[in-house]
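All remarks here apply to the structure that follows.
Whatever order the structure lists ligands and atoms in, that order sets their numbers, starting from 1. Hydrogens, waters and symmetry mates play no part in the numbers below; they use all other heavy atoms, side chains included.
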Amino acid sequence: MATVLVLNGPNLNLLGTREPGIYGVQTLADVERMCKDTAGEFGLELDFRQSNHEGELIDWIQEAGLAVSAGGYIGVVLNPGALTHTSLALHDAITGAQVPVVEVHISNVHAREEFRRHSFISPVAAGIVVGFGVTGYVLAIRGLYEITRSSRGDAASA
Ligand code: CA2
């Protein structure tokens, strides 16, 4: 069975414990459950990870590149956290790994501080989901599934 990798960047382990007005009340464990249900609906396994370390996220993206080439993974749903706005290294990792990435943000980064409007990830993302709360993860898995269908030889859905 094919697998979708969901990666979460720095501080997202705090989800649901602080700043509920911006990020909601659901915890990262809740998000993982939602993602598992959604992956299951598409006949996918879920691999769900979080790290506070840029290098670890880069290692995982490189790993995903190899796993996608081998046919076991369909791609990556990535919430890079604040690294979105700072990390050329993550940008380069995505380019180098040649892995389809859907960038997701819980909050609408365009309606917040100016510094959140620039993303190093968006130019190399296959798609972007912003501002739908944690439902964005569900939408991102669906989007990744749809855009990678043809490479798996599946017919497009209605
Ligand atoms: O909206 C998003 O998903 C963000 O990627 C979240 C990042 C932020 O830096 C981005 O600009 C937008 C922050 C992740 C930290 O999440 C927390 C959750 C609860 C409490 C504190 C931090």
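Across every non-hydrogen atom of Q50 and G9, the tightest pair is NE2-O, 3.1 Å. Minimum heavy-atom separation, V130 to S107: CG1-O, 3.6 Å.
The environment of Q98 atom CD is sparse: at most 12 non-hydrogen atoms of other residues, nucleotides or ligands sit within 6.0 angstrom.
Residue N79 touches ligand 1 through its side chain alone, judged by heavy-atom distances below 4.0 Å.
Between E19 and ligand 1, not a single N/O pair is under 3.5 Å apart. Of the polar atoms of Y23, none of the N or O atoms is found under 3.5 Å from an N or O of ligand 1, judged by distance alone. Ligand 1 has an N or O atom lying under 3.5 Å from an N or O atom of I106, backbone or side chain.
In this pair, H105 and H85 present their aromatic rings parallel. The plane angle is below 30°, not in the 30 to 60° band.
With respect to atom 15 (C) of ligand 1, the closest heavy atom belonging to the protein is N11 CB, 3.6 Å. The nearest heavy-atom contact from the protein to atom 4 (C) of ligand 1 is H105 ND1, 3.7 Å.
Listed by atom number, the atoms of ligand 1 under 4.0 Å from R18 heavy atoms are 19 (C), 20 (C). Those atoms of ligand 1 with a heavy atom of V109 less than 4.0 angstrom away are 11 (O), 12 (C). Set against the non-hydrogen atoms of H85, the atoms of ligand 1 under 4.0 Å away are 10 (C), 11 (O).
A donor-acceptor contact shorter than 3.5 Å links the side chain of T148 to the backbone of Y145. Formation of a donor-acceptor pair under 3.5 Å by the N8 side chain with backbone atoms of N79 is not found in this model.
Nearest-residue assignment for atom 9 (O) of ligand 1 (options R117, E113, R116; heavy-atom criterion): R116. Looking at S119, G81, S107, it is G81 that brings a heavy atom closest to atom 7 (C) of ligand 1.
Ion pairing between R142 and E146 holds under the 4.0 Å rule for side-chain N and carboxylate O.
Side-chain contact of D30 with T27: a donor-acceptor pair under 3.5 Å is present, judged by distance alone.
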